[in-house]
Amino acid sequence: MDPATIFQIVGTVVSLGDAVIKCITRLSTLKAQFHDAPIIVTSMIGQLHMVKIAQDQLSPLISPNFARDARYRQLASQIGNALDSFGPILLVLGQQLDRYEGIDAARMKARSRLGFLHGEREMTNLSILLDRQVNALNLLLSAMQCRTWTQQTEIITQKESQSILRLAQDCSSSLVSLEDVASFISENTDAISTQFEFDDVLRSTLLYQTAERSHLRQAIRAKKTKHLDNASTNSSVQRPSASGLRWAFQAMRLSKPIAMSDVLKNQQGIRVDIRRDAIVETTGDNVVLEEDLFQESLQSNSGDTDGTGSGIETGQPTEPLLNGIESESPQSPQSPQSPRSPWSPRPQSAFGNLRKAFQRRASNARDTQSHQHHHEVEDNPPKVAKVLLLGAAGGGKSTLLRALRLLTEAGDAEYNESYLRTFVWHNALESARTLLRAMEECTDEPVMASARTLLLDPCPDCDRDPALNPQHAGEVASAILSLRPGVESQNTMRRKLDYRFHDNVHYHIENINRFAEQAAHCSAPTDGDLLRTKVTTTGIHPAMLTYQGSQFCVYDVGGERSERKKWIFAFQDVSVIIFPVDTISFDRKLREDELSDRMVEQFALFESISNSSWFERTGFIIIFTKIDLVEEYLKHMDAHAFLRTAHVISETEPRTMGVEEYLSCLEAHFRKLGSRTDAQERFRFIRANLVDVDKHNPAVDVFDALRSFDRPEKLNTPGEGLSEKEPAGRETDGISYISAETSRLWIPVATGQESEDTNPLLIGMAQ
Ligand SMILES: Nc1nc2c(ncn2[C@@H]2O[C@H](COP(=O)(O)OP(=O)(O)OP(=O)(O)O)[C@@H](O)[C@H]2O)c(=O)[nH]1
Ligand SMILES: [Mg+2]
């Protein structure tokens, strides 16, 4: 987790201060004007007051020092981007209030005045959305006030808290996913984002529907422009497409779209986090960025009458701005009931000024960037393959990326030793805590009182780098070792609660003494320790890797259901998808849904992705992970019963199921799931133990498989590509291609060609 994320969350909330006060004042006026205003207006005033109080409490925390505190980093990873849609909701509320301002309540008849606000369904919807954000904010405040990390974790992991965060997060990711115009182009992709926990309340709001309409119009326009662009320049430069929402959001979040150039910068110590789309530099320069923008915003507040965003609308046909959209859009809602579209600009508002400040900056940055990029592309055409790591949570995406980094020596430069040690120590402690609770719940084994006290009672030393108090770390290690349950109890617990255990709980317990010694000697954890450490990913994280002269831009994403709506950001021009499959996941439940089987979820996800029209020309590497744990797992779990119930094998299949038979069945099933397209030829299967990289780093197999897809020079040649075969062992451009079992396929790195748009929905909209 990026150390500055908590700073950004707090920053986002505090930066909305002006807007909150304005909304409170305007709602109060509305309430006075319509004496019989419905309760919803009063409750919104209450909610906004709550936000104001939260802002006052959070303001002192806007300091980079806080961002460095491990406690806040952890909190940030748990709160995620729950509060992302706060800004957009306030923006729309402000615009909704604009609508009421022109109405003279005194002239209305008493009856119609009474009915007027009651009939405003949108206010109710906004209030529901606001309520979710306020609840998440409250949670954030309570967690921040905890004295220890353990207390904080307890608050956040409670069922009720998780549901509060999920609702807020869902609201954010659903709205923010509309930023990408392309997300409506494929019905299959839509399935990826909607079939998992899509929020119906949110979808029914005017806020969402208006965004959706504006989004579609932009999709058509962007496609047309792109087509013209391609015809005139025949260039493979990929421009970011845009929608009204996208720019509104970006302006409000003081952010910028992710681009390949950002990834390159990322290699030099700058991290790009798509959740907030902000550049965060470890040097703290991000503070300067936000402050600068704020200053600009304040200046424009006091004197800028330009109102045009300094020429942003001109010369950027593929990136229409909020202002441009409204003027171009004949279908914007202009009925008497809605004199202005919710997306029209409010030049006098704090948002308007922030937007202008951002747009000026973005415009300059874009001009320079596109200039540079143009030259780069002309002189040195990019040969970077875009690789996406997709899959359900816990499959091993981030572990694989770590292994790839180890092989390419990209390393872990962003974290220091102390952070890595804390990271491993906490994972080990969490493993032990789960074990201890499970022993109390399911077995007769006595749990030592001292272990209970040391592990479960709130303790500041457990929350920090163990090297700060090595003696305490030693005591905790002894307590954990005393917990080792007998074989019988292990089996009982495994059957009852397996999904709750860390995959590497045994490793953590066996090595806990060594971790304590590392603390005593202030030494860094080993690669093996780090590979066995679990950190749930949120957002999309790019990494540029070079292996034997080939360059790959690999995107790691969060695999939990609520994270998947963000994936769409990375779907364009993908060369290869790597899909890690957790092989020991059947009969274990999802963390986000205790009723769903993890393996079945992986089947559904793979079927949806491999048959999506986004990936018709994409290669797939399916990696069966945790091979080191399969044998032991199959001893306790009935693979045959699971495969039969999941219709992977028939009733007649023999009951004995060794590792080889099990993995072969899985492979056959994954091939079948992708059979709707001719993707078969583009499939590679790898079996991997991702954590024992000293013996053999599976990253070698992955890079070999990746390069078996690679041939950048076929980029713009229509009609060629996937079916093209090349004799084994041939050298092209100095790169020797490995021979693969299946036929060799060539995947374009960035397509300059696009087939005619045949999506009936888009054609309908265009007319
Ligand atoms: N023993 C063993 N553990 C593995 C292997 N692959 C992954 N793990 C462990 O599985 C856990 C989850 O792996 P991650 O890489 O975090 O999973 P992810 O797909 O990134 O999950 P999200 O970020 O939640 O989407 C980590 O604790 C890893 O150490 C493997 O091959 N062997
Ligand atoms: Mg991950």
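Whatever order the structure lists ligands and atoms in, that order sets their numbers, starting from 1. In this text, all values refer to a predicted model and were calculated from it rather than measured experimentally. By convention here, the first residue in the shown sequence is residue 1. FYI, side chains are in, hydrogens and waters are out, and symmetry mates aren't considered; it's all heavy atoms of this structure.
The protein non-hydrogen atom at the shortest distance from atom 14 (P) of ligand 1 is T399 OG1, 3.4 Å. Taking atom 6 (N) of ligand 1 as the reference point, the nearest protein heavy-atom neighbour is L690 CD1, 3.5 Å. Of the protein's non-hydrogen atoms, G396 N, 3.3 Å is the one closest to atom 17 (O) of ligand 1. Nearest protein neighbour of atom 24 (O) of ligand 1, counting heavy atoms only, is K534 NZ, 3.0 Å. Considering only non-hydrogen protein atoms, atom 9 (C) of ligand 1 sits nearest to N504 ND2, 3.8 Å. With respect to atom 23 (O) of ligand 1, the closest heavy atom belonging to the protein is T537 OG1, 2.8 Å. Of all protein heavy atoms, the one closest to atom 21 (O) of ligand 1 is G394 N, 2.9 Å.
Geometrically, ligand 1 and I627 share no nitrogen or oxygen pair separated by less than 3.5 Å. On a distance-only criterion, K397 and ligand 1 share at least one N/O pair closer than 3.5 Å.
Using a 4.0 angstrom heavy-atom cutoff, R402 does not count as in contact with ligand 1.
In this structure, the side chain to side chain contact (heavy atoms under 4.5 Å, CB included) partners of S585, at least two apart in sequence or on a different chain, are D582, R598, M599, Q602. By the side chain to side chain contact (heavy atoms under 4.5 Å, CB included) test, N689 pairs with D628, V691, D692, sequence neighbours left out.
Residues I480 and I509 have side chains in contact (heavy-atom distance under 4.5 Å, counting atoms from C-beta outward).
The atoms of ligand 1 that sit less than 4.0 Å from any heavy atom of D503 are 10 (O), 11 (C). When each atom of ligand 1 is checked for a heavy atom of L531 under 4.0 Å away, the hits are 28 (C), 29 (O). In summary, the atoms of ligand 1 found under 4.0 Å from a heavy atom of R532, numbered by their order in the structure, are 27 (O), 29 (O). Each of the atoms 27 (O) of ligand 1 lies under 4.0 Å from some heavy atom of H502. Counting atoms of ligand 1 from 1 in the listed order, those under 4.0 Å from a heavy atom of D628 are 1 (N), 2 (C), 30 (C), 31 (O), 32 (N). Residue G395 approaches ligand 1 through these ligand atoms, each under 4.0 Å from one of its heavy atoms: 17 (O), 19 (O).
For residues 633-643, the set of pairs meeting the salt bridge (charged side-chain N to carboxylate O under 4.0 Å, His left out) definition, not counting sequence neighbours, comprises E632-K635, D638-R655.
With respect to the salt-bridge test (charged N to carboxylate O, under 4.0 angstrom), the residues R421 and D465 qualify.
Protein N/O/S atoms nearer than 2.8 Å to the Mg ion (ligand 2) total 2.
Of all the heavy atoms of A688, the ones lying under 4.0 Å from any atom of ligand 1 belong exclusively to the backbone. Counting heavy atoms closer than 4.0 Å to ligand 1, residue N427 contributes nothing at all.
Geometrically, R682 does not engage F615 in a cation-pi contact, judged by NZ or CZ lying under 6.0 Å from the ring centre and within 45° of the ring axis.
Classification of the Y633-F586 ring pair by plane angle, with boundaries at 30° and 60°, yields perpendicular.
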